Amino acid sequence: MGADVLAVRCRNVVKIYGTGGQKVTALGGIDLDIATGELMMLVGPSGCGKTTLISVIAGILDQDEGSCEVFGKDLAAMSDQEKLKFRASHIGFVFQAFNLLPSLTVAENVSVPLLINGVRRAEAERRAEHILEQVGLGDRTTFLPSQLSGGQQQRVAIARALIHDPGLIVCDEPTSALDHETGQTVMQLLKRTVLQKNRALVIVTHDARIFDFADRTAEMDDGRILRIEKSSVTN
Ligand SMILES: Nc1ncnc2c1ncn2[C@@H]1O[C@H](COP(=O)(O)OP(=O)(O)O)[C@@H](O)[C@H]1O
Ligand SMILES: [Mg+2]
């Protein structure tokens, strides 16, 4: 991945759900560039297309029109197998609903991206324990997700998105279930990851308490990006 390649390059991305009279234009032509080393926030009212946009960016959903490249690669042009492999190596995703596997322990959940990448189980769990300590869950590694609070589950989801050191990290409302202090701790970890490792981070959020962590903020409404502002805060 050359340093001059954008992490994300979206051009005229259109996504329409449903058919006939039920059609919803969730994305009405999105242009968006995100550089490595950049923390981009996406804000806007509920239903404006934020989750749809990051799902397209992360290759979870195919757009109907336009193109979206991640590190210069067009995900829609890949086979399912290629896409899975690319995502497993290069993308970390924090789902709004966490999407933890209920029958796996916390450490096993966090290990999954490493196991997919062929890391041995003992090594994967060692690294899982290390990153779980960084999100304040070092004493919960053997618990099941159902034995955790919402905020703890959210931090497990964040640890899972970071463990394989992806170039692009995409988070849907990553602090929604966290108290102020834990939210700041998690954001500092994410911000450090971006700065020290030159990663790209896209965060969908409503949480005004974390706005200052952004390098740029894209404001969405009704399937479009209205404006993109550079943060005035140096952080
Ligand atoms: N699977 C789906 N089927 C039909 N419509 C959907 C689906 N997912 C989202 N939508 C619609 O697309 C629009 C954008 O949704 P979404 O991307 O979830 O917005 P946000 O994350 O900003 O709240 C909304 O009008 C929503 O109702
Ligand atoms: Mg959403």
Side-chain angles (χ1 to χ4, degrees), residues 7-34 38-70 74-76 80 83-84 87 91-100 145 150-162 166 168-179 182-183 186-187 190 200-211 213-229 231:
V8 175
R9 184 179 189 276
C10 294
R11 289 293 177 275
N12 190 36
V13 170
V14 173
K15 177 69 193 176
I16 297 164
Y17 291 111
T19 51
Q22 306 295 317
K23 271 189 190 172
V24 175
T25 302
L27 300 176
I30 298 283
D31 294 331
L32 183 63
D33 289 346
I34 302 170
E38 180 169 54
L39 196 165
M40 169 72 81
M41 281 196 192
L42 271 183
V43 302
S46 182
C48 74
K50 304 181 298 294
T51 296
T52 302
L53 177 56
I54 59 170
S55 301
V56 169
I57 288 172
I60 293 166
L61 199 63
D62 283 340
Q63 68 272 26
D64 295 303
E65 284 178 39
S67 67
C68 186
E69 293 178 355
V70 176
D74 179 358
L75 278 87
D80 286 350
K83 206 190 292 186
L84 276 178
R87 284 178 49 202
I91 301 177
F93 198 97
V94 180
F95 293 89
Q96 204 162 7
F98 317 145
N99 293 14
L100 301 177
Q152 290 170 334
Q153 291 181 37
Q154 190 157 38
R155 281 179 280 156
V156 176
I158 291 164
R160 183 180 57 183
L162 294 176
L168 173 65
I169 304 148
V170 183
C171 307
D172 205 348
E173 304 271 3
T175 58
S176 61
L178 304 181
D179 61 67
T182 312
V186 163
M187 283 307 303
L190 290 168
L201 179 52
V202 189
I203 296 184
V204 167
T205 192
H206 281 108
D207 185 354
R209 300 172 304 181
I210 69 167
F211 286 167
F213 286 94
D215 295 310
R216 290 191 297 153
T217 301
E219 203 179 312
M220 287 185 71
D221 197 12
D222 202 17
R224 294 178 183 280
I225 292 176
L226 301 182
R227 65 183 73 83
I228 298 181
E229 281 179 9
S231 174

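Predicted model, so just to flag it, every value in this text is computed and none were measured. In listed order, ligands and their atoms are each counted from 1.
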Atom 1 (N) of ligand 1 within contact range, any protein heavy atom under 4.0 Å: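 At least one protein heavy atom is under 4.0 Å away.
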With a 3.5 Å cut-off and no angle check, do the side chains of Q154 and S176 form a donor-acceptor pair?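 A pair is found: one side chain offers a donor N or O, the other an acceptor, under 3.5 Å apart.
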Return yes if a side-chain donor-acceptor contact under 3.5 Å exists between D74 and S67, otherwise no.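 No, because no side-chain N or O of D74 sits under 3.5 Å from a partner of the opposite role on S67.
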Residue-level breakdown please: for V24 versus ligand 1, do any non-hydrogen atoms fall below 4.0 Å on the side chain, on the backbone, on both, or on neither? side chain
Closest protein heavy atom (residue, atom, distance) for [atom]:
{"atom": "atom 16 (P) of ligand 1", "value": "T52 OG1, 3.7 Å"}
{"atom": "atom 18 (O) of ligand 1", "value": "T51 CB, 3.8 Å"}
{"atom": "atom 19 (O) of ligand 1", "value": "G49 N, 3.2 Å"}
{"atom": "atom 11 (C) of ligand 1", "value": "Y17 CD1, 3.8 Å"}
{"atom": "atom 14 (C) of ligand 1", "value": "G47 O, 3.3 Å"}

Look at the side chain of R155 and the backbone N and O of G150, then say whether any donor-acceptor pair between them is shorter than 3.5 Å.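 Side chain of R155 to backbone of G150, a donor-acceptor pair under 3.5 Å: no, none is there.
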S46 N/O/S atom closer than 2.8 Å to the Mg ion (ligand 2): no
Quick check for you: to the nearest 0.5 Å, what is the distance between L162 atom CG and L201 atom CG? 8.5 Å
Ion pair present between E229 and R216, side-chain N to carboxylate O less than 4.0 angstrom? no
For the aromatic rings, using the six-membered ring if either is Trp, is the centroid distance between F93 and F95 under 6.0 Å?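 Judged by ring-centre distance (under 6.0 Å), F93 and F95 do meet the cut-off.
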